[in-house]
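Numbers for residues simply follow the sequence, beginning at 1.
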Amino acid sequence: DTPDRDAIAHLLDIVRQSGAEWEFSLLRLSNETNIRQLPLKTLLVYLEMAGVIAPAYSYFAEYRFRFVLEKQAILARFNSERRQFLEQVFACAPQARTWCTMDFEALWQGYQGERQRAAAALDYLQQQGWIELESKQMTEVYRVLSQQIDTATLAEELHGLFEKKEQSELARLQALLAFFTSTTCLSHELARYFADDAAPERCGHCSVCRGEIAVLPPLPSPGLPNEHGLRAWCDPLIALCHQRHPRILTRFLCGIATPLTTRLKARDLAGFGQLADHPFAEVLAAVSALYPAES
């Protein structure tokens, strides 16, 4: 999940060029920057903490509905002013067979009808059971507090935060594995982890106290393919995405999906996941040596 430094820099350029207000769909932004959605959310929090952006509001970009109650029967339930506004809303929601798709731009251009009021009206009609409403494409809106961004410096700092987070997560995994294979009382180890120094050194009932110390099976150590083999797997992806970044190629070889490889349907390529049983760091080192220009 650690985003590439270039991907972070690309996101910063998008922010810098967006103006005072920045609108985006998380999925679309993820695809554009090749940053998975979870780390992308983390990155937005980092930018907020750095004083670059601030969340403003969010809205659904697409509304569509179908009538449960007849249109005229719905309109008849409102006084003249509200009925007139609903008529304008319905007029700007062309119907295709059953479903009507709301055109907020037409509502504003034709009647100066506000999106927020129209959305609230449709929500109310759904609550009453008079229409069935579907909303899609959540759009986030942020205020851009600083457009004077030193992209290279900030990208380096943010990337450093993600690398630190990555090392912390790996250390937690290693600590967990070490706990499983501990030769001291497991209850005592857990108590010490949670800062309980008063726990007895032997509980008498865990597996270690019963003399059943766990031993994890040895990791397989298959050899990496030679340079020719790596190129045979990597070059088809490079031809598709026109990128030689070692981490992009390593994720591909290790079978880790990204927005880029999903969009390119890279799972269909012969190299996808071929080195899934190898340690990521070893594959990364081999790929970096093979494609040093972009490392």
Side-chain angles (χ1 to χ4, degrees), residues 1-14 24-44 46 151-152 154-174 176-177 217-295:
D1 276 345
T2 300
D4 302 321
R5 189 182 291 102
D6 291 345
I8 297 174
H10 181 42
L11 177 69
L12 294 177
D13 285 337
I14 292 173
F24 61 89
S25 156
L26 193 67
L27 176 60
R28 188 173 301 170
L29 186 63
S30 174
N31 287 329
E32 185 176 354
T33 58
N34 194 34
I35 302 174
R36 295 167 71 168
Q37 291 190 42
L38 184 59
L40 182 55
K41 290 178 181 178
T42 303
L43 186 51
L44 294 174
Y46 286 163
T151 300
L154 185 54
E156 186 70 32
E157 291 176 0
L158 294 172
H159 188 256
L161 290 175
F162 275 102
E163 285 189 321
K164 185 177 180 181
K165 183 174 182 291
E166 177 183 294
Q167 292 306 314
S168 174
E169 293 297 323
L170 290 172
R172 288 176 63 192
L173 288 172
Q174 291 300 328
L176 193 61
L177 291 172
L219 287 174
S221 54
L224 289 171
N226 59 25
E227 178 179 319
H228 176 75
L230 287 175
R231 286 190 184 277
W233 287 335
C234 291
D235 286 350
L237 178 64
I238 294 172
L240 280 178
C241 68
H242 309 292
Q243 294 196 47
R244 297 157 55 95
H245 196 290
R247 275 188 172 264
I248 291 176
L249 299 175
T250 302
R251 293 189 191 105
F252 166 73
L253 292 173
C254 290
I256 302 171
T258 65
L260 175 67
T261 52
T262 299
R263 187 173 72 252
L264 296 176
K265 299 182 179 179
R267 285 179 177 274
D268 297 337
L269 298 178
F272 184 83
Q274 287 288 347
L275 301 180
D277 293 334
H278 292 68
F280 185 90
E282 289 184 13
V283 180
L284 179 60
V287 172
S288 297
L290 190 59
Y291 299 97
E294 299 294 329
S295 60

To the nearest 0.5 Å, what is the distance between [atom1] ([X]) and [atom2] ([Y])?
X	Y	atom1	atom2	value
Leu40	Ile8	CG	CD1	10.5 Å
His159	Leu154	NE2	CG	13.0 Å
Thr258	Leu264	OG1	CG	8.0 Å
Ile35	Leu26	CD1	CG	10.5 Å
Leu269	Leu253	CG	CG	10.5 Å
Leu38	Leu43	CG	CG	11.5 Å

Can you see which heavy atom on Thr151 is nearest to which on Ala9, and at what distance?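 So the minimum-distance heavy-atom pair works out to CG2-O, 3.6 Å.
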Taking all non-hydrogen atoms of both residues into account, name the closest pair between Cys234 and Tyr291 and its distance.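 Smallest interatomic distance, heavy atoms only, reads CB-OH, 3.4 Å.
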Under a 3.5 Å distance rule, please check whether Asp4 uses its side chain to pair with a backbone N or O of Asp6 as donor and acceptor. no
Mark yes or no for whether Thr250, through its side chain, and Pro246, through its backbone, hold a donor-acceptor pair below 3.5 Å. yes
Under 4.5 Å between any side-chain heavy atoms of [X] and [Y], yes or no?
X	Y	value
Phe252	Val287	no
Phe280	Arg251	yes
Asp1	Thr42	no
Pro259	Arg36	yes
Leu230	Leu224	no
Pro225	Leu275	yes
Leu12	Leu158	yes
Asn34	Ile248	yes

Salt bridge or not between Arg28 and Glu32? Use side-chain N to carboxylate O under 4.0 Å.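 Salt bridge: no.
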Carboxylate-amine/guanidinium proximity below 4.0 Å for Glu163 and Arg247: no
Evaluation steps, side-chain contact (heavy atoms from CB on, under 4.5 Å), between Leu177 and Gln174: CA-CA 5 Å; Leu177 291 172; Gln174 291 300 328; 4.2 Å; yes
Take a 6.0 Å sphere around CG of Asp13 and say whether it holds more than 12 heavy atoms from other residues, nucleotides or ligands. yes
Within 45° cone and under 6.0 Å: Arg5 NZ/CZ vs Phe162 ring: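 Relative to the ring axis of Phe162, which defines the angle, Arg5 lies outside at least one limit.
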Go through the steps for Leu249 and Leu290 under the test side-chain contact (heavy atoms from CB on, under 4.5 Å), then give the verdict. CA-CA 11 Å; Leu249 299 175; Leu290 190 59; over 6 Å; no
